[in-house]
Amino acid sequence: QVQLAESGGGLVQPGGSLRLSCAASEFILEDGVTYGVGWFRQAPGKEREGISWINNRDGKTEYADSLEGRFTISRDNGKNTVYLQMNSLNTEDTAVYYCAMGVYSAYWTHGYGMNYWGKGTLVTVSS
């Protein structure tokens with residue numbers, strides 16, 4: 001059972017930056033299966049949306065079209081941690097941010113294939 005724990009959320013002013021961390025108990029690697037870690041968020045009154053995804057094996061990344069450029073996903077294999085660097089934050093980025101691990105799907109932005117989820121960390125962008 002993979003365990004994930006997000007951290008790094010908090011209050012930030014518009015235009016500011018924040019780096020979220022997702023500590024994983026392990027990075028699943030299985031021959032012939034593409035596993036990865038995704039970052040997702042859910043704003044108040046809105047559906048959950050995918051932000052970015054990183055392949056456990058080779059580190060390849062994908063981003064949701066609307067967010068690429070401001071957000072960057074990365075990982076530290078030695079620490080079993082995936083990061084989400086968020087820049088130029090605005091009030092619409094206020095949400096609970098989750099990381100999840102699972103099998104790659106072309107529909108990963110909808111959470112498909114994600115079997116393990118963290119509890120989330122709250123990011124509030126406000127002046």
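For reference, positions follow the sequence shown, starting with 1. On a predicted model such as this, the values are computed, not experimentally measured, just so you know.
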Self-check item: Taking every non-hydrogen atom, the tightest pair across Cys22 and Leu4
Solution: SG-CD2, 4.0 Å
Quiz item: Between CD1 of Ile51 and OG1 of Thr109, what distance do you get to the nearest 0.5 Å?
Solution: 11.0 Å
Quiz item: So, do Thr72 and Tyr63 sit near enough that their side-chain heavy atoms are less than 4.5 Å apart?
Solution: yes
Quiz item: Do the rings of Trp117 and Phe40 sit parallel, tilted or perpendicular, given the 30° and 60° boundaries?
Solution: tilted
Practice problem: Would you indicate whether the side-chain heavy atoms of Arg70 and Asn90 approach each other to under 4.5 Å? | Solution: yes
Quiz item: Heavy-atom distance under 4.5 Å between the side chains of Met86 and Val12, does that happen here?
Solution: no
Quiz item: Hey, are the side chains of Thr121 and Ser7 touching, using non-hydrogen atoms and a 4.5 Å cut-off?
Solution: no
Exercise. Kindly work out whether a path of hydrophobic side-chain contacts (I/L/V/M/F/W/Y, heavy atoms less than 4.5 Å apart) joins Ile54 to Met101.
Key: yes
Quiz item: Of all heavy-atom pairs between Thr61 and Ile73, which one has the smallest distance, and what is that distance?
Solution: CG2-CG2, 3.5 Å
Quiz item: Between Gln42 (side chain) and Lys46 (backbone), is there a donor-acceptor pair under 3.5 Å?
Solution: yes
Quiz item: Can you tell me how far the OG1 atom of Thr94 sits from the CG atom of Leu122, to the nearest 0.5 Å?
Solution: 8.0 Å
Quiz prompt | ILVMFWY cluster, Phe27 and Leu20 together (side-chain gap under 4.5 Å) | solution = yes
Quiz item: How many angstroms lie between atom CZ of Arg41 and atom CG of Asp93, to the nearest 0.5 angstrom?
Solution: 4.5 Å
Practice problem: Tell me, yes or no, whether the heavy-atom count around Glu26 atom CD, taken from other residues, nucleotides or ligands under 6.0 Å, exceeds 12. | Solution: yes
Exercise. Taking the side chain as every heavy atom from C-beta outward, state whether Tyr104 and Asn55 have any pair of such atoms under 4.5 Å apart.
Key: no
Self-check item: Pairwise side-chain contact, Tyr35 with Leu29, heavy-atom cut-off 4.5 Å (strictly under)
Solution: no
Quiz prompt | Nearest-0.5 Å distance, OG1 of residue Thr124 to CG of residue Leu18 | solution = 10.0 Å
Exercise. Check for a donor-acceptor pair, side chain of Asn56 on one end and backbone N or O of Ile28 on the other, with a separation under 3.5 Å.
Key: yes
Exercise. For the residue pair Val125 and Pro14, establish whether any side-chain heavy-atom pair is separated by less than 4.5 Å.
Key: yes
Quiz item: Is the shortest distance from a Lys or Arg side-chain nitrogen in Glu6 or Lys119 to a carboxylate oxygen in the other one below 4.0 Å?
Solution: no
Quiz prompt | Smallest separation among heavy atoms of Gly59 and Arg75, with atom names | solution = N-NH2, 3.3 Å
Exercise. Locate the shortest heavy-atom distance separating Ser88 from Ser17; write the atom from each residue and the value.
Key: N-OG, 4.3 Å
Quiz prompt | Atom pair CZ (Arg19) and CG (Leu84), whose distance is rounded to the nearest 0.5 Å | solution = 10.5 Å
Exercise. Measure the acute angle between the ring planes of Phe71 and Tyr97, then classify it against the limits of 30° and 60° as parallel, tilted or perpendicular.
Key: tilted
Quiz item: Is it true that a side-chain atom of Arg57 and a backbone atom of Val33 form a donor plus acceptor pair closer than 3.5 Å?
Solution: no
Practice problem: Kindly give the heavy-atom pair with the smallest separation between Met114 and Gly38, and that separation in Å. | Solution: SD-N, 4.4 Å
